[in-house]
Amino acid sequence: MTIDNLLAQLNPPQREAVTYLDGPLLVLAGAGSGKTRVLTYKIAYLIARAVVRPEEILALTFTNKAANEMKHRVEQLLGMDVRGLWIGTFHSICARILRREIHHLGFQRNFTIYDAGDQLAQIERIMQFLNLNRDLVKPRQVQYVISQCKNKMMDALAYEKTATDFVSQQIAKIYLEYETALRRNNALDFDDLLIKPLQLFSERKDLLARYQERFKYVLVDEYQDTNKAQYHLVRLLSQPDRVICVVGDEDQSIYTWRGADITNILSFEKDFPDCRVIRLEQNYRSTQTILDAANEVVARNTQRLGKTLWSENGQGDPIEVIATASEIDEARQVVGIIAKERARGIGYNEMAILYRTNAQSRALEDQLRRTGIPYTIVGGTKFYERKEIKDLLAYLRVLVNPTDSLALRRIINVPARGIGEVSLQHLQDYADREGISLYQALAQAGRIEQLTPRAQNKMHHFISLLEEIRREVDQVNALEIASRVVEQFGLRAMYENSPDPQDQARVENINELLNSMAQFVDERPDPVDQTLAAFLEEVSLVTDIDNWDPDSPVVTLMTLHSAKGLEFPVVMITGLEDGLFPLSRSLEENEEKLEEERRLFYVGMTRAKQRLYLLWAKSRRRFWGDDFASQFQNVPSRFLREIPARFKQERDLTGVSESPATRFVSLEDAAWEEAAGTQEEGQSYQPGQVVVHDTFGRGEILAVESSRHGTKLTIRFGRAGVKKIVAEYANLELL
DNA sequence: ACGGGATAGCTTTTT
DNA sequence: GCTATCCCGT
């Protein structure tokens with residue numbers, strides 16, 4: 001395609017964004033305004049005009065899927081291969097840099113990437129080692145603090161200095177130990193992937209200069225969701241010529257909870273005073289009704305640069321707001337909508353069901369399965385978290401990086417081979433004494449006097465087999481290694497002859513992993529790309545959404561977060577209840593949290609091209625609180641009220657749930673319904689009501705939750721803050 | 001050393 | 001309610 005043809009396909013602001021090359025550029029791209037198009041065309045333009053060569057471009061995206069699509073699109077536009085182009089997520093690009101350079105920081109190139117689960121396991125182990133009571137701080141909390149620190153680029157020593165109270169001092173200790181453990185294991189966690197390159201570049205200016213020289217043009221997608229580390233990385237790599245183009249939408253910033261810093265985009269103009277700002281406000285996706293409604297909602301936020309979307313797609317249908325009695329009824333209504341849309345000629349793959357939390361998929365799934373509607377669930381998957389899969393992966397990790405003691409510990413006695421707690425402790429003591437890794441100690445088991453000959457023997461056998469396979473690791477492909485591991489260590493045999501159906505499922509899962517490895521190998525013609533190391537990197541950085549196939553004829557279920565960047569002709573957003581969406585924590589905390597929830601709602605609404613359905617349930621069973629399965633009484637989400645009446649059509653079906661044939665799924669459910677019903681006979685509470693408490697005074701009910709133990713109310717009092725109160729025991733006066 | 005039964009803790013969103 | 005971990009008897 002010629003450059004002129006290319007540019008002719010863009011509207012004026014898009015064209016300007018593509019061709020502007022005189023300095024830093026900020027593109028504020030509203031939902032559906034062709035942001036991906038601008039990025040791909042810009043890359044194609046840079047190459048076609050020979051401004052830079054493909055290998056001199058660095059493009060950073062939010063998902064691997066986006067990266068792959070953009071790359072294909074660029075190749076299509078140019079009609080040529082762009083192999084050298086650096087395009088990928090921040091994490092994968094950083095991993096790529098580190099695989100080449102990390103030896104400068106004292107790590108080895110074959111480092112392991114720890115996911116959240118590994119992180120947690122490592123923290124738990126350290127806490128055990130330090131003899132710390134789990135009641136003092138929960139491992140989860142420590143993990144959170146460490147991650148937040150890393151996102152702010154605060155290392156363990158710096159954190160230690162700020163730790164004034166006892167608990168933070170303990171966390172600081174764990175943090176310090178955690179860092180040494182990772183170093184010893186030659187492992188990096190997700191946050192390290194972003195931080196280590198920064199460390200590298202600050203220690204080795206020569207390397208920085210090399211990469212700065214290499215990347216003549218830097219592009220960043222979803223700039224509103226970058227954190228401090230990513231921000232610094234981008235700034236660093238775009239120097240000295242500041243040849244940079246960032247694209248983002250502050251209204252779609254939905255990841256501040258994991259360190260994304262909305263000020264990165266809000267103050268881009270301050271960081272690059274001579275930058276050009278281009279707004280893309282024409283939306284090519286949704287109907288005017290959907291856009292207007294979304295605009296009205298998000299306009300309530302204060303943290304924004306501001307823009308107003310418009311489209312030429314016509315008014316379209318009003319937004320349907322449907323009130324249902326329970327999550328089961330809500331799911332039934334969803335099924336009804338799908339059937340109706342099908343009759344109108346909408347395909348299954350053109351519909352999406354979105355929700356705030358993964359747990360909500362369950363009720364929906366039940367109904368879809370029951371009615372035979374084909375569906376797929378994106379995210380929330382725990383495939384890689386299953387025991388048998390983690391075990392197999394741990395074997396593979398040890399083969400690639402024997403110093404990964406976390407992985408080695410996991411498999412040293414799986415399947416049971418007679419290396420128990422005591423022997424393991426002796427082994428560890430020896431390793432500590434000699435200052436060597438657990439793996440090295442294992443190789444010297446014969447020299448450890450404390451071990452019984454029997455244990456020495458078992459260890460010798462185990463390590464010989466590992467070593468034998470390890471010799472092949474770089475010679476043959478990932479699949480071959482894995483199948484050998486499965487066969488020779490008897491990972492499948494462990495479950496194969498069990499009568500337990502769960503064990504049969506484990507066998508299938510192992511087969512499924514081997515299958516995906518076969519596919520991995522098949523997809524890569526070059527043996528260099530088929531290695532085990534490459535596979536392990538892929539599984540740690542690739543997510544569910546990356547493998548999601550938009551053309552498969554099934555309805556898609558996913559969280560609102562996962563839906564970012566996608567679009568569907570028909571979108572259903574479920575669980576629009578105060579306390580669920582927006583989630584109660586954001587209501588109990590501050591206005592900023594609520595604004596983020598609102599942006600999330602905005603993201604959800606703007607996924608819809610033609611029709612948008614918003615559903616809520618008056619009563620919902622949630623696995624939460626002390627009693628794990630309690631029934632919550634809900635009022636509609638405040639977000640629903642924020643949509644002006646002229647854009648919506650409301651249907652109240654809260655009273656029509658009594659169709660006895662399908663009403664109760666089981667006796668047990670009936671009991672729950674009854675439990676929820678009883679309280680309505682006496683005093684009935686509803687979120688939003690104002691009550692007076694003897695000691696706490698006036699307060700507003702935020703949530704009503706009923707379980708075996710009675711009705712529990714979450715109330716925000718003027719002075720005492722948010723409290724949880726059992727209604728039966730408190731003398732509450734309704735106002 | 002290992003398997004069975006009791007029990008604690010869990011669910012916000014994810015690269 | 002589910003599951004991962006703990007505790008105990010063999």
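Bear in mind the structure is a predicted one, so any value in this text is a computation, not a measurement. What's counted below: heavy atoms across the whole structure, side chains too, no hydrogens, waters or symmetry copies.
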All N/O donor-acceptor pairs, side-chain side in residues 410-427 of chain A, below 3.5 Å, sequence neighbours left out:
{"from": "A:R410", "atom 1": "NE", "to": "A:D391", "atom 2": "OD1", "distance (Å)": "2.8"}
{"from": "A:R410", "atom 1": "NH2", "to": "A:D391", "atom 2": "OD1", "distance (Å)": "3.1"}
{"from": "A:N413", "atom 1": "OD1", "to": "A:R417", "atom 2": "N", "distance (Å)": "2.7"}
{"from": "A:N413", "atom 1": "OD1", "to": "A:G418", "atom 2": "N", "distance (Å)": "3.2"}
{"from": "A:N413", "atom 1": "OD1", "to": "A:I419", "atom 2": "N", "distance (Å)": "3.2"}
{"from": "A:N413", "atom 1": "ND2", "to": "A:I419", "atom 2": "O", "distance (Å)": "3.3"}
{"from": "A:R417", "atom 1": "NH1", "to": "A:I411", "atom 2": "O", "distance (Å)": "2.9"}
{"from": "A:R417", "atom 1": "NH1", "to": "A:I412", "atom 2": "O", "distance (Å)": "2.7"}
{"from": "A:R417", "atom 1": "NH2", "to": "A:Y395", "atom 2": "OH", "distance (Å)": "2.8"}
{"from": "A:Q425", "atom 1": "NE2", "to": "A:D429", "atom 2": "OD1", "distance (Å)": "3.1"}

By side-chain hydrogen bond (donor to acceptor under 3.5 Å, both in side chains) - contacts of A:Q360 (at least two apart)
A:T357
Whole-Å gap separating P (B:dT11) and CD (A:E705):
16 Å
To the nearest Å, how far apart are A:L594 CG and B:dT12 C1'?
15 Å
How far does the C1' atom of B:dT13 sit from the matching atom of C:dT3, given to the nearest Å?
22 Å
Separation of B:dT14 atom P from A:F190 atom CZ, nearest Å, is 13 Å
Integer-rounded Å distance: B:dT12 C1' and A:F632 CZ
13 Å
OP1, OP2 of B:dT14 versus side-chain N and O of A:T559: anything below 4.0 Å?
yes
Compare the minimum distances between each of B:dT14, B:dT15, B:dT12 and the side chain of A:R356, then state the nucleotide with the smallest one.
B:dT12
Could you give all pairs that pass the salt bridge (Lys or Arg N to Asp or Glu O under 4.0 Å) test and reach residues 139-151 of chain A, with sequence neighbours left out?
A:K150-A:E179, A:K150-A:D189, A:K150-A:D192
Let's see if you can work this out: which of B:dT13, B:dT15, B:dC10 has an atom nearest to the side-chain heavy atoms of A:H561?
B:dT13
For B:dT13, take OP1 and OP2 only and decide whether either is under 4.0 Å from a side-chain N or O of A:S562.
no
With a non-hydrogen cut-off below 4.0 angstrom, is A:Y255 in contact with a base, only sugar-phosphate, or nothing?
sugar-phosphate
With heavy atoms under 4.0 Å as the rule, sort A:E421 into base, sugar-phosphate or nothing.
sugar-phosphate
If the cut-off is 4.0 Å, is A:T543 near the phosphate of B:dT15, judged by side-chain N/O to OP1 or OP2?
yes
Picking from A:D118, A:T112, A:N185, what satisfies side chain to side chain donor-acceptor pair (under 3.5 Å) with A:R397?
A:D118
Does anything in residues 422-430 of chain A come within less than 4.0 Å of DNA chain B? Heavy atoms only, and list the residues if so.
A:V422, A:S423
A:E705/A:R622 salt bridge by N-O under 4.0 Å criterion:
no
I'd like to check the side chain to side chain contact (heavy atoms under 4.5 Å, CB included) partners of A:M153; sequence neighbours left out, ordered by chain and number.
A:L198, A:A229, A:H232
Return yes when atom NZ of A:K387 has more than 12 non-hydrogen atoms of other residues, nucleotides or ligands closer than 6.0 Å, and no otherwise.
yes
Check for me whether A:R99 meets the cation-pi criterion with A:F111, that is, NZ or CZ under 6.0 Å from the six-membered ring centre and within 45 degrees of the ring axis.
yes
Any cation-pi pair here, A:K564 with A:F62, using under 6.0 Å and within 45°?
yes
Has A:R140 got a side-chain N or O lying under 4.0 Å from the OP1 or OP2 atom of B:dT11?
yes
Quick one: is B:dT14 close enough that its OP1 or OP2 comes under 4.0 Å of any side-chain N or O from A:N358?
yes
Could you check whether A:E596 pairs with A:R599 (Lys NZ or Arg NE/NH1/NH2 to Asp/Glu carboxylate O, under 4.0 Å)?
yes
Write down the distance between CZ (A:R620) and C1' (B:dT12), rounded to a whole number of angstrom.
14 Å
Could you check A:N64 against A:A359 and say which one's nearest nucleotide on DNA chain B is further toward the 5' end?
A:A359
NA contact type, A:K387, heavy-atom cut-off 4.0 Å: base, sugar-phosphate, or nothing?
nothing
Where the side chain of A:E124 is defined as all heavy atoms beyond and including C-beta, which of C:dT5, B:dT15, B:dT14 is the nearest nucleotide?
C:dT5
Please tabulate the protein-to-nucleotide N/O contacts below 3.5 Å involving nucleotides 2-7 of chain B, giving atom names and distances.
{"from": "B:dC2", "atom 1": "OP1", "to": "A:G418", "atom 2": "N", "distance (Å)": "3.3"}
{"from": "B:dC2", "atom 1": "OP2", "to": "A:N413", "atom 2": "ND2", "distance (Å)": "2.8"}

Return the value, rounded to whole Å, for the distance between atom CZ of A:R96 and atom P of B:dT15.
20 Å
